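Okay, so here's the structure we're looking at.
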Amino acid sequence: MTSFDYDLFVIGGGSGGVRAGRLAAGMGKKVAIAEEFRYGGTCVIRGCVPKKLYVYASQFAEHFEDAEGFGWSVGERAFDWKKLVAAKEKEITRLEGLYQKGLANAGAEILNTRAELTGQNSIRLVATGKTVTAERIVIAVGGHPTPHEALPGHELCITSNQAFDLPELPKSIVIAGGGYIAVEFANIFHGLGVETTLIYRGKEILSRFDQDMRRGLHAAMEQKGIRILCEDLLQSIARTADGRLAAETMKHGTLTVDQVMLALGRVPNTRGLGLEAAGIAINERGAIVVDAFSRTSAPGIYALGDVTDRVQLTPVAIHEAMCFIETEYKHNPVSPDHDLIATAVFSQPEIGTVGLSEEDAAKKYDELEVYRAEFRPMKATLSGRSEKTIMKLIVTAADRKVVGVHILGHEAGEMAQLLGITLKAGCTKDDFDRTMAVHPTAAEELVTMYAPSYRVKNGERVG
Ligand code: NDP
């Protein structure tokens with residue numbers, strides 16, 4: 001008999017927390033889960049899910065144009081932002097309900113309150129002031145967009161938290177940052193008809209991706225009409241007399257726009273959580289420090305997902321939650337595997353990627369074979385749209401292992417998911433070569449690039 005109120009208390013009702021709570025409750029553990037905002041967390045409420053819905057919405061303008069090349073005449077077009085926001089709201093509310101239903105069906109107690117630690121086994125429920133105890137605690141409180149307080153006028157800017165629910169679609173926007181969120185939202189807003197400028201401090205957008213993807217996407221975005229200002233920074237934001245915003249840049253003067261959005265990374269939600277009271281260590285970025293099994297420095301307390309700042313992705317948080325359940329409740333110690341995570345940037349065109357970029361592979365291996373194809377997708381032949389698909393395989397010369405695959409083009413995210421399996425399985429280029437093509441697809445290019453486009457030896461491109 002446990003002397004605690006709960007076997008497990010989960011703080012945070014996002015992807016990781018809900019999975020941990022639901023699985024533990026389903027095993028008969030006495031579980032409570034607390035969420036201060038909405039169940040579903042960033043992914044469902046103001047991240048991946050609404051983002052993808054808005055990506056779809058933003059693609060229709062091009063679909064209508066492309067249709068003409070296939071014999072269609074598309075009549076007058078009009079876009080209603082409020083209708084999209086309402087439709088999105090309905091869908092995320094449905095998903096939020098499913099998350100709660102899953103928890104309730106498993107027998108977890110659902111608490112709509114902020115929860116803060118008061119000790120190694122105790123938690124205060126802020127809504128009621130009540131303190132409860134638990135044998136184990138999982139912290140899965142996620143993160144939030146950095147407000148970039150050093151920027152004068154930062155309080156006039158929005159982040160991805162507000163972008164989904166703006167009362168009006170702005171006519172013009174400046175988006176600061178060159179990562180996933182900045183790039184995805186630049187494409188969304190542009191597709192919806194907003195005059196869009198992206199401002200990024202580095203030489204090329206998407207710093208952690210393969211150079212070909214970065215350059216290819218940059219060119220495609222500019223061709224669509226998105227203005228991209230690299231090696232530049234916002235200096236200050238001020239309200240103009242007519243209620244717009246004047247964004248002062250370092251190199252490109254003042255940009256006067258309706259909205260300025262900051263997408264400069266996300267920081268863990270650890271402030272005020274009572275971590276000191278429980279003896280939980282954090283790093284210099286405020287993220288909870290965990291070991292390979294998601295254990296914090298306090299016995300019985302675990303942390304998973306974005307609050308640990310390992311890899312800020314929904315499937316990673318879910319995986320970490322499942323490893324926690326295996327380890328703690330199924331006597332099967334499993335530590336999360338963060339190697340070879342396939343990922344996609346839902347830009348237009350998309351980037352799908354798994355494994356090492358050419359640049360990173362060149363640092364790790366003496367000799368590489370690079371297979372690269374650049375072609376016009378079939379649909380563009382009749383639509384007349386000028387666009388390119390780029391595919392790249394990075395292969396080690398010594399053992400022919402495929403260590404990186406990078407795709408810029410339609411459905412690249414879907415392809416990356418499947419390629420993730422092949423790389424995880426350790427497939428070689430010979431495995432790709434003896435795989436029959438699916439014709440006619442774009443993906444067939446991945447198994448029909450027979451000769452290397454060039455080699456990289458000791459970090460230098462040769463032949
Ligand atoms: P990212 O880490 O992807 O990008 C942050 C960007 O902000 C980088 O370009 C960075 O520049 C820049 N930056 C950081 N600090 C400053 C500063 N002080 N001044 C100017 N620029 C700065 O973060 P995001 O906010 O875009 O996204 C957060 C996380 O969410 C991502 O890392 C990703 O894991 C996840 N996500 C995943 C998505 C997906 O899977 N499709 C979609 C959206 C988010 P630099 O490159 O020079 O460091």
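All of these numbers come straight from a predicted model, not from anything done at the bench.
Side-chain contact of Arg310 with Ser294: a donor-acceptor pair under 3.5 Å is present, judged by distance alone. Side chains of Gln162 and Thr159: a donor-acceptor N/O pair is present below 3.5 angstrom, by distance only. In this structure, a donor-acceptor pair under 3.5 Å is present between the side chains of Ser58 and Gln348. No side-chain donor-acceptor contact under 3.5 Å links Glu248 and Ser236. One side chain, Arg38 or Thr93, offers a donor N or O that lies under 3.5 Å from an acceptor on the other.
For Gln120, the CD atom sits in a packed shell: over 12 heavy atoms of surrounding residues, nucleotides or ligands are nearer than 6.0 Å. Counting non-hydrogen atoms of other residues, nucleotides and ligands closer than 6.0 Å to CZ of Arg77 gives a total above 12. The number of heavy atoms from other shown groups lying within 6.0 Å of OH (Tyr56) does not exceed 12.
Between Arg114 and Glu116 a salt bridge is recorded (basic side-chain N to carboxylate O distance below 4.0 Å). A salt bridge links Lys392 to Asp210: one of the charged nitrogens lies within less than 4.0 Å of a carboxylate oxygen. Salt bridge present: Glu328 and Arg136 bring a charged side-chain N and a carboxylate O closer than 4.0 Å. Under 4.0 Å is where a charged nitrogen must lie from a carboxylate oxygen, and between Glu91 and Arg94 at least one such pair does.
Residues that satisfy the side chain to side chain contact (heavy atoms under 4.5 Å, CB included) test with Thr131, not counting sequence neighbours, are Thr118, Ser122, Arg124. In this structure, the ring-ring contact (aromatic ring centres under 6.0 Å, His included) partners of Tyr54, at least two apart in sequence or on a different chain, are Trp81, Phe164. Remark: Thr196 pairs with no residue by the side chain to side chain donor-acceptor pair (under 3.5 Å) rule, at least two apart or across chains. Every residue two or more places apart in sequence or in another chain that forms a side chain to side chain contact (heavy atoms under 4.5 Å, CB included) with Glu184 is listed here: Lys51, Tyr180, Val345, Phe346. Take His319 and apply the side chain to side chain contact (heavy atoms under 4.5 Å, CB included) test, not counting sequence neighbours, and it matches Cys323, Pro336, Asp337. Every side chain to side chain contact (heavy atoms under 4.5 Å, CB included) that Asn121 has, sequence neighbours left out, goes to Phe4. Residues meeting the salt bridge (Lys or Arg N to Asp or Glu O under 4.0 Å) test with Lys429, sequence neighbours left out: Asp433. Under the rule for a side chain to side chain donor-acceptor pair (under 3.5 Å), the partners of His338 that lie at least two apart in sequence or sit in another chain are Glu320. With sequence neighbours excluded, the residues that form a side chain to side chain donor-acceptor pair (under 3.5 Å) with His144 are Asn269.
Residues Gly177 and Leu198 come closest through the heavy atom pair O-CD1, 3.4 Å. Contact detail for Thr113 and Ala34: the closest heavy-atom pair is O-CB, 3.6 Å.
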### Task
Under the side chain to side chain contact (heavy atoms under 4.5 Å, CB included) rule, what do Asp339 and Lys424 come out as? Steps first, then yes or no, please.
CA-CA 8 Å; Asp339 192 29; Lys424 210 72 190 154; 4.1 Å; yes

### Trace of the side chain to side chain contact (heavy atoms under 4.5 Å, CB included) decision for Val290 with Tyr302
CA-CA 8 Å; Val290 288; Tyr302 308 77; over 6 Å; no

### Query
Going through the checks in order, is the side chain to side chain contact (heavy atoms under 4.5 Å, CB included) test met by Val402 and Phe432?
CA-CA 9 Å; Val402 180; Phe432 277 61; 3.8 Å; yes

### Query
Can Ile137 and Ile11 be said to form a side chain to side chain contact (heavy atoms under 4.5 Å, CB included), step by step?
CA-CA 8 Å; Ile137 297 171; Ile11 309 179; 4.3 Å; yes

### Message
One pair to check against salt bridge (Lys or Arg N to Asp or Glu O under 4.0 Å): Glu222 and Arg227. What are the steps and the verdict?
### Response
CA-CA 6 Å; Glu222 279 192 332; Arg227 191 174 176 213; over 6 Å; no

### Task
Start with the C-alpha gap between Asp165 and Lys88, add the side-chain angles, then the distance that decides, and say whether salt bridge (Lys or Arg N to Asp or Glu O under 4.0 Å) holds.
CA-CA 9 Å; Asp165 295 296; Lys88 175 273 298 179; 2.8 Å; yes

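The shortest distance between side-chain heavy atoms of Gln235 and Pro152 does not fall below 4.5 Å. By the 4.5 Å heavy-atom criterion applied to side chains, Phe324 and Leu8 are counted as neighbours. Contact annotation: the side chain of Asn187 approaches that of Ile226 to within less than 4.5 Å [non-hydrogen atoms, C-beta and beyond]. Proximity of Thr249 to Thr254: side-chain heavy atoms (C-beta onward) are nowhere separated by under 4.5 Å. Within the 4.5 Å cutoff, no side-chain heavy atoms of Gln259 are placed close to those of Phe189. No side-chain heavy atom of Val395 sits under 4.5 Å from any side-chain heavy atom of Val403. By the 4.5 Å heavy-atom criterion applied to side chains, Leu103 and Ile33 are counted as neighbours. Between Ile407 and Ile351 there is no side-chain heavy-atom pair separated by less than 4.5 Å.
Of the residues listed (Arg244, Lys171, Arg239), the one engaging Asp258 in a salt bridge (Lys or Arg N to Asp or Glu O under 4.0 Å) is Arg244, and it is the only one. A side chain to side chain contact (heavy atoms under 4.5 Å, CB included) with Leu169 holds for exactly one of Asp80, Leu84, Val85, Leu192; it is Leu192.
Every pair passing salt bridge (Lys or Arg N to Asp or Glu O under 4.0 Å) that includes a residue from residues 284-306 is listed here, sequence neighbours excluded: Arg285-Asp309, Asp291-Arg295. Listed by first and then second residue, the salt bridge (Lys or Arg N to Asp or Glu O under 4.0 Å) pairs that reach into residues 139-161 come to none, sequence neighbours excluded. Screening residues 401-411 for side chain to side chain donor-acceptor pair (under 3.5 Å), with sequence neighbours left out, gives Thr353-His406, Glu387-His410.
Between atom CG of residue Asp212 and atom CE of residue Met391 there is a gap of 13.0 Å, rounded to the nearest 0.5 Å. One finds the OG1 atom of Thr422 at 9.0 Å from the CG atom of Asp431 (value rounded to the nearest 0.5 Å). Distance CD1/Ile325 to CG/Asn332: 12.0 Å, rounded to 0.5 Å. Here the OG-CD distance, from Ser357 to Gln211, works out to 8.5 Å after rounding to the nearest 0.5 Å. The CG atom of Leu166 sits 9.5 Å away from atom CD of Glu168, with the distance rounded to the nearest 0.5 Å.
Ring orientation note: the planes of His63 and Phe60 are nearly perpendicular, at an angle over 60° on the 30°/60° scale. Below 30°, between 30° and 60°, or above 60°: for Tyr6 and Phe9 the angle between ring planes is above 60°, a perpendicular geometry.
Counting only distance, with no hydrogens or angles, the side chain of Arg214 and the backbone of Leu206 share a donor-acceptor pair below 3.5 Å.
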